[in-house]
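Inspection log for the structure reproduced underneath, given as structure tokens.
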Amino acid sequence: MDLRRPVSKSMRRLPRSFFERPTLEVARDLLGRRLVRLIRGHRISGRIIEVEAYIGEDDLASHASVGRTARNAAMYGPPGHIYVYMLYGRHCCLNIVTEPEGFPAAILIRALEPEEGLSWIARRRRGIRIQDWLRGPGRVCAGLGIHRALNGHDLCAPDSQLWVEWGKPIPNDQVASSPRIRVRGDLLARTRPWRFYIRDHPLVSR
DNA sequence: GGATCGATCGGCT
DNA sequence: GCCGATCGATCCG
């Protein structure tokens with residue numbers, strides 16, 4: 001047996017083809033998967049429980065709505081790469097790029113249920129309640145040590161220190177959707193039900 | 001070069 | 001619930 005390869009499917013990494021599909025399909029399908037960060041050989045991970053989709057230049061809530069710029073270039077790149085940006089000068093937000101290269105779309109990771117590396121997260125999230133450790137896009141990045149320098153990084157590269165595993169998918173009857181949080185302005189942008197989360201999960205933000 | 005704004009968070013009321 | 005923080009990207013002149 002090859003010990004370098006995880007035994008169970010749950011711990012295998014999602015392939016690039018997973019992310020190359022229509023964004024809404026990927027967003028819904030990411031629920032229940034495991035986001036893993038490797039830091040000095042330690043696994044820090046959580047189940048994905050809340051996401052938001054941002055799709056194409058026509059989506060006025062998307063950073064790509066202004067066309068391609070230096071900031072949002074990663075959204076136009078290959079699927080399976082990440083788009084990390086800074087918000088309000090203090091928080092980083094993690095997005096996973098979807099769809100074939102050239103079409104700007106990504107999924108914002110809004111909340112995780114902590115699974116592994118709890119003591120490591122606890123050190124960095126001092127004074128914060130456990131249920132808030134990875135709830136909210138800024139906290140996901142703070143908790144997993146994801147920073148702006150990782151913008152454009154490939155989750156599917158063999159030597160990546162950040163990736164997504166199959167985990168345990170969520171049945172349809174436990175998936176809920178809603179408009180995206182804090183999106184204002186344009187009617188379509190603020191009403192499209194492009195936020196997906198695990199129904200009745202106690203750790204979902206808001 | 002300067003002004004404005006933001007896919008938020010944490011502390012305080 | 002409300003408010004201030006804090007800084008890069010973008011837009012305007």
Side-chain angles (χ1 to χ4, degrees), chain A residues 19 22-24 26-28 30-31 35 37 44 46 48-77 79 81-99 103-114 121-153 155 162 164 176-198 201-206:
Chain A
F19 303 105
T23 304
L24 294 180
V26 180
R28 181 248 165 277
L30 272 176
L31 295 176
L35 181 65
R37 177 85 164 116
I44 299 125
I48 298 173
I49 59 176
E50 182 187 0
V51 299
E52 281 177 0
Y54 291 85
I55 309 173
E57 295 182 345
D58 295 336
D59 175 6
L60 295 186
S62 171
H63 289 171
S65 64
V66 295
R68 187 180 186 133
T69 65
R71 180 201 197 191
N72 63 25
M75 292 187 76
Y76 290 77
H81 288 232
I82 61 176
Y83 169 44
V84 180
Y85 67 91
M86 182 175 285
L87 189 60
Y88 293 100
R90 12 175 66 198
H91 312 291
C92 283
C93 296
L94 168 69
N95 296 256
I96 301 179
V97 177
T98 55
E99 315 243 9
F103 183 82
I107 296 165
L108 172 68
I109 306 299
R110 287 194 59 91
L112 306 177
E113 174 190 294
I121 303 175
R123 268 200 303 280
R124 319 186 101 233
R125 308 262 67 203
R126 256 181 235 289
I128 298 173
R129 304 195 308 260
I130 294 177
Q131 61 263 38
D132 289 337
W133 278 357
L134 303 177
R135 182 170 80 170
R139 300 195 271 226
V140 166
C141 287
L144 296 194
I146 295 167
H147 42 86
R148 269 166 35 86
L150 289 174
N151 183 39
H153 183 82
L155 294 181
L162 179 69
V164 186
S177 64
S178 82
R180 294 167 293 184
I181 302 289
R182 270 171 206 267
V183 168
R184 290 176 295 240
D186 182 73
L187 180 66
L188 252 188
R190 69 172 195 259
T191 56
R192 279 170 157 155
W194 286 359
R195 168 178 176 247
F196 298 89
Y197 57 98
I198 299 180
H201 194 292
L203 298 190
V204 168
S205 64
R206 266 219 171 170

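Chain identifiers are assigned alphabetically (A, B, ...) following the order of the sequence lines, protein sequences preceding nucleic acid strands; residue numbering begins at 1 within each chain.
Checking A/Ile128 against A/Arg184, the closest nucleotide of DNA chain B that is more toward the 5' end is the one next to A/Arg184. For A/Gly89 and A/His63, each mapped to the nucleotide of DNA chain C holding its nearest heavy atom, the one lying further toward the 5' end belongs to A/Gly89.
With a cut-off of 3.5 Å on both pairing distances, the Watson-Crick and G-U wobble pairs of DNA chain B assemble into stems of 3 or more at B:1-6 with C:7-12, B:8-12 with C:1-5.
When each of C/dA9, B/dG6, B/dA7 is scored by its nearest atom to the side-chain atoms of A/Met75, the top-ranked nucleotide is B/dA7. When distances run from any side-chain atom of A/Met86 to the nucleotides C/dC7, C/dA5, C/dA9, the shortest one goes to C/dC7.
Atom CG in A/Asn151 sits roughly 9 Å away from atom P in C/dA9 (whole-Å rounding). In this structure, the CG atom of A/Asp132 is 10 Å from the P atom of B/dC9, given to the nearest Å. In this structure, CG of A/Leu87 is placed 14 Å from P of C/dT10, rounded to the nearest angstrom. Remark: C1' of B/dG6 and NE2 of A/His91 are 11 Å apart, rounded to the nearest angstrom. Rounded to an integer number of Å, the gap from CG of A/Leu60 to P of B/dA7 is 12 Å. Regarding A/Arg190, its CZ atom lies at a distance of 15 Å from the P atom of B/dA7, rounded to whole Å. One interatomic measurement links the two molecules: CZ of A/Arg182 to P of C/dC2, which rounds to 11 Å at whole-angstrom precision. Between A/Glu52 atom CD and B/dG6 atom C1' the separation is 14 Å, expressed in whole Å.
Among the heavy atoms of the strands lying under 4.0 Å from A/Arg125 are primed sugar atoms or P, OP1, OP2 only; no base atom is included. Note on A/Arg90: a base of the nucleic acid sits closer than 4.0 angstrom, heavy atoms only. Residue A/Asn72 is out of contact with every strand shown, counting any heavy-atom pair closer than 4.0 Å.
Put simply, A/Thr69 has a side-chain N or O that comes within less than 4.0 Å of OP1 or OP2 on C/dT10.
Counting only distance, with no hydrogens or angles, the side chain of A/Asn72 and the backbone of A/Met75 share no donor-acceptor pair below 3.5 Å. In this structure, the side chain of A/Arg139 engages the main chain of A/Arg135 through a donor-acceptor pair within 3.5 Å. The closest donor-acceptor contact from the side chain of A/Arg37 to the backbone of A/Gly145 lies under 3.5 Å.
Between the side chain of A/Tyr85 and the base of B/dA7, at least one donor-acceptor pair of N or O atoms lies under 3.5 Å.
Tested against A/Glu52, the residues A/Arg110, A/Arg180, A/Arg28 include a single salt bridge (charged side-chain N to carboxylate O under 4.0 Å, His left out) partner, A/Arg110. Just one of A/Val97, A/Ile107, A/Asp59 meets the side-chain contact (heavy atoms from CB on, under 4.5 Å) condition when paired with A/Thr23; it is A/Ile107.
A/Val84 and A/Asn151 make their closest contact through N-OD1, 3.0 Å (heavy atoms, listed as atom of the first residue, atom of the second, distance).
The line from SG of A/Cys92 to CE of A/Met86 is 4.5 Å long, rounded to the nearest 0.5 Å.
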